[in-house]
Amino acid sequence: MTVMEQRGAYRPAPPPAWQLRTDPEPLLPDAAPFRVLGTEAAAEADAQLLLRLHAELVRGRRYNTQATALTKQGRLAVYPSSTGQEACEIAAALALEERDWLFPSYRDTLAAVARGLDPVRALTLLRGDWHTGYDPREHRIAPLCTPLATQLPHAVGLAHAARLKGDDVVALAMVGDGGTSEGDFHEALNFAAVWRAPVVFLVQNNGFAISVPLDKQTAAPSLAHKAVGYGMPGRLVDGNDAVAVHQVLSEAVRHAREGGGPTLVEAVTYRMEAHTNADDATRYREDDEVAAWRDHDPVLLVERELTARGLLDEDRAATVRENAEAMAADLRERMNQDPELDPMDLFTHVYAEQTSQLREQAAQLRAELEAENESDGAAR
Amino acid sequence: MTTVAVKPATMGQALGRALRDALADDPTVHVMGEDVGTLGGVFRVTDGLAEEFGDDRCTDTPLAEAGILGTAVGMAMYGLRPVVEMQFDAFAYPAFEQLISHVARMRNRTRGAMPMPITIRVPYGGGIGGVEHHSDSSEAYYMATPGLHVVTPATVADAYGLLRASIASDDPVVFLEPKRLYWSKAEWNPDTPETVEPLGKAVVRRTGRSASLITYGPSVPVCLEAAEAARAEGWDLEVVDLRSLVPFDDETVAASVRRTGRAVVVHEATGFGGPGAEIAARITERCFHHLEAPVLRVAGFDIPYPPPMLERHHLPGVDRILDAVARLQWEAEN
Ligand SMILES: Cc1ncc(C[n+]2csc(CCOP(=O)(O)OP(=O)(O)O)c2C)c(N)n1
């Protein structure tokens, strides 16, 4: 006999009437990712935007292949390629104004470059000459972030601070599908929603966190659905469709700028290469799966639309290719020069004022380097 | 009598074999972490385990270190022996809350009723050209937390033996795997049961009379190399491999220093407030009257781990160790 049965006629009173504080309906993402290219709506897409996206995508693709080649030559310690994901990277960055901030993960070099960062400086972390090769304030790009999801609360804090100061600055925070499992993801979204911070969270769902597929990462209907629980809108977009990404992100940025609070956007895409050059993707996925995504390539999608509208003749296509080639050649050449490093730099930026211990250690290293130089000189 | 085949194995393989044998011997052992299943771990230490024992015994978890260790706590509460992998040193930090607030003190706060037989495998240390956040030596944080064992192997045989002992331990063990030794090879016989080492026993890797190098993990081969090089100077260095930082083998260390009268502690973690500070203090407390010179430390600089192109200037190498030994001589003469 259960406790309730023992209590016989006792019936607990229903809880006092209460209502959901927000109607979840408008927060819910659509069932299918939003697309523009390949639909009727594509004909309406702004021609200038299409051409710009195309040029940037071709450049981005070339950047990825060049950087990957540089790892093979030992010029980069590691490169997490974003081949296949260029539309998310670039269209998202282009949705920002200059005064806005980008909070990238380690894979988002292209977003940083699309924001105007020098392609070589974007690779400093991955080449290994320093941890961040740029002043984050210069282009409003936080350091490329290796620990997963830890940059998301930073984005929320920065956006909150900007609003407290009365600046209409928006922060775009990028994270992978795997990163959405981290506690920091949850905390960032919750803070952002409670503070109505002007932040856009962009999840690039490329199917895998290294080897782990999405269905072992989450049981949610989609990552965009996670937004509802925090009280912010969730949007689902085809991450290979640059026009769709640009549209959804621009809308989310506008919403944030106007005081509407944060949005969580999930861009559905696919990682065409291995996680990094150190990874063996054949261990966890079939070639067929990769092949199936080839026809949905982000560069191809834009090219098809431009061609259909007669906006991309051979001349223009050639110019775009040449520009991309020139960027790659410049990248190759500058990356093939050994960076000039001063080992004494190790001590320069640990504290604003060097501690006495660090001064001692710096002196030790200086003496070692001088001894090294002398013995090099003697050998010659 | 059968002769057993002794084949060269890498440290990574020995660790994998230890996990395999632990899973086979004890049904309560569970391996879990990011990419430990299908991929076999980013260093391939768990290669083949999911295939052999199934997803429930070797589990690809969602990407969440606090979640991995927090669920391991619950599993241990229910009688399992989780072996969790943190993918890299710096990625264990999200799990610190669980580690410090629960894993380390659960036995104590429950008056012994609820032990935490969890092994936390952490690839650690530098020297592999890793980008930021892939080269930390975080042992001092772990050592400073009562309730945790902290263990780190330096040889292929110890990798097997110490990992087996860690998994068998009824207390939580932070098992630090020196990344740059994963590919180090040795002739090793996986079928010899006595390769299982009790936790907390240091070993003298090389005997000598001039001074003791007290070291562990990735710095052991460097110290052995330094000891070889020191012969040219007429110094005969002893090398003590601690193997376990907690518990700490005071006896072996003190015996060595009493024999040699001089000690240099070598590790790549930062020196200030680092493991060497504790070790030097213990040596001084026990061996003061035997010491011919102050105990010196050769450690990484007190800086955030540098980018790969500069790491060689940071890591303690043979020259820095020999310089320290030379200073011991000088101190002795003056
Ligand atoms: C806190 C933390 N844990 C583990 C890692 C190791 N790691 C680097 S990338 C990665 C997978 C990330 O997957 P996802 O978030 O989907 O991004 P993607 O690489 O696919 O762009 C892992 C586990 C890390 N960088 N940070």
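So you know, we letter chains A, B, ... as the sequences are listed, proteins then strands, and number each from 1.
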Does a side-chain heavy-atom distance below 4.5 Å link A:Leu148 with B:Glu34? no

Would a 4.5 Å heavy-atom cut-off, applied to side chains only, mark A:Thr218 and B:Pro62 as touching? no

More than 12 foreign heavy atoms under 6.0 Å from CD of A:Glu286: is that the case here? no

Kindly indicate, with the supporting measurements, whether the criterion side-chain contact (heavy atoms from CB on, under 4.5 Å) is fulfilled by A:Ile210 and B:Gln87. CA-CA 11 Å; A:Ile210 307 189; B:Gln87 202 160 74; 3.5 Å; yes

So which part of A:Val212 gets closer than 4.5 Å to some heavy atom of chain B, the side chain, the backbone, both or neither? both

Output the distance between atom CG (B:Leu63) and atom CG (A:Asp177), rounded to the nearest 0.5 Å. 9.0 Å

B:Pro94 portion near chain A, given a 4.5 angstrom heavy-atom threshold: side chain

I'd like to know which of A:Ala77, A:Pro147, A:Ala149, A:Ala362 tops the heavy-atom pair count under 4.5 Å against chain B. A:Pro147

Any idea which of A:Gln361, A:His131, A:Gln217 has the most non-hydrogen atom pairs under 4.5 angstrom with chain B? A:His131

Stepwise side-chain contact (heavy atoms from CB on, under 4.5 Å) test for B:His134 and A:Thr146: CA-CA 9 Å; B:His134 289 78; A:Thr146 311; 3.3 Å; yes

Is it the backbone or the side chain of B:His133 that comes under 4.5 Å from a heavy atom of chain A, or both, or neither? side chain

Using a 6.0 Å cut-off, check whether atom CD of A:Gln364 has over 12 heavy atoms from anything other than its own residue. yes

For A:Glu372, which atoms come within 4.5 Å of any heavy atom of chain B: side chain, backbone, both, or neither? side chain

Could you walk me through whether A:Glu368 and B:Asp319 pass the side-chain contact (heavy atoms from CB on, under 4.5 Å) test, one step at a time? CA-CA 9 Å; A:Glu368 284 177 12; B:Asp319 287 346; over 6 Å; no

Within 6.0 Å of OH in B:Tyr141, more than 12 heavy atoms from elsewhere: no

In terms of heavy-atom proximity below 4.5 Å to chain B, should A:Gln357 be classed as side chain, backbone, both, or neither? side chain

Identify which part of B:Phe301 has an atom lying under 4.5 Å from any heavy atom of chain A, answering side chain, backbone, both or neither. both

Determine whether a donor-acceptor pair (N or O, by modelled atom type, separation under 3.5 Å) exists between the side chain of B:Asp35 and the backbone of A:Ser211. yes

Is it the case that over 12 heavy atoms from other parts of the model lie below 6.0 angstrom from the CG atom of B:Asp56? no

Which atoms of A:Leu346 come close to chain B, meaning under 4.5 Å heavy atom to heavy atom: side chain ones, backbone ones, both, or neither? both

Considering only heavy atoms, which portion of A:Leu358 lies under 4.5 Å from any heavy atom of chain B: side chain, backbone, both, or neither? side chain

If you round to the nearest 0.5 Å, how far is OG1 of A:Thr355 from CG of B:Asp302? 7.0 Å

Just checking A:Phe191: does its CZ atom have more than 12 heavy atoms from other residues, nucleotides or ligands closer to it than 6.0 angstrom? no

Counting heavy atoms not belonging to B:Phe272, are there more than 12 under 6.0 Å from its CZ? no

For B:Asp55, enumerate each residue passing the side-chain contact (heavy atoms from CB on, under 4.5 Å) test, keeping only those at least two apart in sequence or located in another chain. A:Lys216, B:Ala50

State whether the number of non-hydrogen atoms from other residues, nucleotides or ligands found under 6.0 Å of A:Asp135 atom CG is greater than 12. yes

Contact origin within B:Tyr305 toward chain A - heavy atom pairs under 4.5 Å: backbone

One should read off an interatomic distance between B:His313 NE2 and A:Asp345 CG, to the nearest 0.5 angstrom, of 11.0 Å

Between atom OG of A:Ser181 and atom CD of B:Glu65, what is the distance when rounded to the nearest 0.5 Å? 10.0 Å

Can you measure from NE2 (A:His275) to CG (B:Leu39) and round to the nearest 0.5 angstrom? 10.0 Å

Quick one: CG on A:Leu341 to CG on B:Leu310, what's the gap to the nearest 0.5 Å? 5.0 Å

Test side-chain contact (heavy atoms from CB on, under 4.5 Å) on A:Leu126 and B:Glu132 and set out the steps. CA-CA 9 Å; A:Leu126 302 165; B:Glu132 195 185 8; over 6 Å; no

